[in-house]
Amino acid sequence: MNHTRAQEHKHRPGRRLTALAVTAVLAATGGTLAAVPATAATSGSNGTGTTATVPANAADAAPQEATVRFPLSAEIVSAGITGFLSRSNATTPEYRWTRYADGTSTVLPAAASVTGGVSDIVVTGDAAEIDDSRFLKVHDMATPSAAPVEVDLAGLGADYWFRGAIGSTLIVMVDTEEGGWLPHLVTVEGGSLTDRVVSGMPSGVCDLNATAHTAHTVLFDCGLGYNEVRGKAVVDLATAAVVSQHVQAGEPWRMLESAVSDTHTAWHEANDADRIIQVARRGTAERKQIKAPGYFGDDFRLLGDWVTLGEPRSTEYGNGVYAGVAPTPPRPFVAESAETGETVQLLTHASSSAPAPDGSLMVRGGTTAMGEGLYRVALGANGKPAATMVAPTGQATAMTLLGSNVPAVITGEQLTKGVDMSWDLSRGDAYVWATLVHVRTGQKLQWPLVREGGTPARRTVGMHWNGKELTSLDSTGPALNGEYAWEINALPDDGIGPELRATGRFTVTRPVAPHDYNENGTPDVLVRDAGGRLVRVGMQPSAAGDSLIRSGVSNVGPGWQVYDRMESVGNVAGTSVSDAIARDRSGVLWLYSGTGSANAPFSARKRIGGGWGIYDRIAGGSDLTNDGRADVVATDRTGVLWLYSGTGNANAPFSARKRIGGGWGVYNEITAVGNLAGGAAGDLAARDKDGVLWLYLGKGDGTFASRTKIGAGWSTYTDIIGIGDGNGDGRSDLLALKRGASPKPGSYFYAGTGDWRAPFKGAKGNDVLPADLSYETGF
């Protein structure tokens, strides 16, 4: 660190005290403080996980076995003999010490700045940044009963800069009277503080590189300025003396990153084209060179002569799967030997690391096999590094689906309001998108999913489906009945781990609508032109809900001129959609079972029976017998009304006919209008030859109450169709058609009121029928 940068951090004269002070009695043995935060509360275990191997000091016995957890969304700060210090990635970070033995943890004071140093010692400061702290508290996390030791640094001089701790030794940069900065090692000795100035430092400004230290050594970065020759000075803590110096080459301002082990020192030497790491063996002039991938900021440390490198996991969104470009994964956490050039991959990724007292590394990262957590990286018997899980987070490195909230069945009422769906993922850093597919038709639509909450390390993603068909994001047509498949795809932002793909199914179900041929809950009208071509005209409510708009037209096919009577009859074949019947000119009645397809709404016809030529009017679609099945009525030429009850069997859709009344010869149009007024069953509307429309309310046994006059002037219409609920208000409606080339064909909507005395509102003209469609009849 150069002189200018150090001056920016030094303390003002007003913070100066005249003595180096210790404000708590120290119980020190072998240079180790015995202290713990007096105000810190020790919580219970923060979770259970896999059995972990505790990092052991070389002088210790065999490692213990314990169950510990690494906190979610946290990074490793330091590691000791009895536990480790972690820092959460939150707006207000939480520092937590977790014990290897039992997994219990201690949260450091919330207002403190915190650091640790290759031991069970944790140091807290009185400033937002611990570098700027004057008053320090030194906590020994191995001894939960002792109070922290308080240290006042002001006695060291007018200007000072705390740069870290290694065990109970505090590293402090002190400004000399000559304007230079020298490192001091402030250590506890028998209940008092010992201040040692490091000897043998090269001339110029030096600064501690906080990531370059072991339990026994600390590495300083030295130089006269950003554009001056720089060097590394390795200091032995026991003697407070420089034991090794190394001169750098290249661009000094890019060389602040360094690493040190008990046998080697490493640093960057780089130019615009390459990133070079020089590795020097301690006590010799020998140097090895590693050409490293990537950029500065990688996790860079030494394990003996092995250089560990790994690009940290990004928390930012990349360039986006929606542009067709997947996020680029960071390089894995690897170790390369400076002696042999061999490379070993240790983890799928790593985001932070810290040296352990025994010379190993503690690394926060993950593998797709073992998952996320804290790993110990140490040299094995073969001299190569290997990673062992110490404290799992309980989180998979490969993203997993933890649960979903998608209804198995969605009703028409729910679709009207829209449906919320959500999925709970094991990780929160991902692109996620959902696909819905209507299984029968193949209609498909994708949505990007947005975060809706959950813990920081997890993500609940959700979508609100507006209940519309899947033809486009801005579709206004109602969704189709039937089975749907959902699929979510989650691609980690950082590219670590495979893409998550999860699937499921749900069903949209509505009661069968009498004129619904494509299973979207809204009516369709079938019209035939003079050439015998049959066309399906789809409808949906207008924005105001007071009329209808056209939602699609499909050509059913030619050849329908062979029939002299056609009728929509609701579901009489036991399917989930409406059916139609047609009578040929020889009196044979044929059944066309609905398929639910807008473009091919009918299966092949089935012969119902002959003798239907005696009827001059046929109407169907209302449940007149209150058994849940649509029925058909027909009037013969003598005016007798006959009932054909529906069976739900496509091979024999109607029971034997039953006479239910006479005198119906006065009517030239009969229409099944559904249940208009909430009575026992479906109703009929009949128009007499004077153009008066009459309502017959069903009793539920196939018979009707006395007729009620609805209104006059209905002779202007060529077709009157009981379409069911057209505007989505739950009441049955009418559609009246005018056909022919002159005047122009048109349609008029009569919304139901629910009041049998005045069952329909006034007519609303609309453009349901295409202007160029000249039709002969509609049903």
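Everything numeric here is computed off the predicted structure, so don't read it as measured data.
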Check the pair Val77, Tyr95 against side-chain contact (heavy atoms from CB on, under 4.5 Å), reporting the backbone distance first and the verdict last.
CA-CA 9 Å; Val77 176; Tyr95 289 88; 4.2 Å; yes
Do the ring planes of Tyr100 and Phe84 sit parallel (below 30°), tilted (30 to 60°) or perpendicular (above 60°)?
tilted
Ignoring hydrogens and angles, state whether a donor on the side chain of [X] or [Y] is under 3.5 Å from an acceptor on the partner side chain.
X	Y	result
Asn489	Glu499	yes
Ser554	Arg536	yes
Gln443	Thr471	no
Ser597	Tyr517	no
Ser352	Glu75	yes
Ser337	Glu342	no
Arg96	Ser105	yes

Side chain [X], main chain [Y], donor-acceptor under 3.5 Å:
X	Y	value
Arg440	Gly596	yes
Thr460	Asp424	no
Ser542	Ser547	yes
Thr367	Thr397	no
Asp516	Pro523	no
Arg301	Leu309	no
Asp579	Ala573	yes
Gln395	Ser426	yes
Thr400	Ala396	no
Ser360	Ala378	no

Show the numbers, then the answer: is there a side-chain contact (heavy atoms from CB on, under 4.5 Å) between Leu526 and His515?
CA-CA 9 Å; Leu526 297 167; His515 274 261; over 6 Å; no
Trp465, Trp423, Trp433 screened by ring-ring contact (aromatic ring centres under 6.0 Å, His included) with Trp486, the one that passes:
Trp423
List the steps and the verdict of side chain to side chain donor-acceptor pair (under 3.5 Å) for His438 and Glu519.
CA-CA 11 Å; His438 185 248; Glu519 289 194 283; 5.4 Å; no
Would you please test Thr393 and Arg69 for side-chain contact (heavy atoms from CB on, under 4.5 Å) and show each step?
CA-CA 5 Å; Thr393 63; Arg69 287 277 189 176; 5.7 Å; no
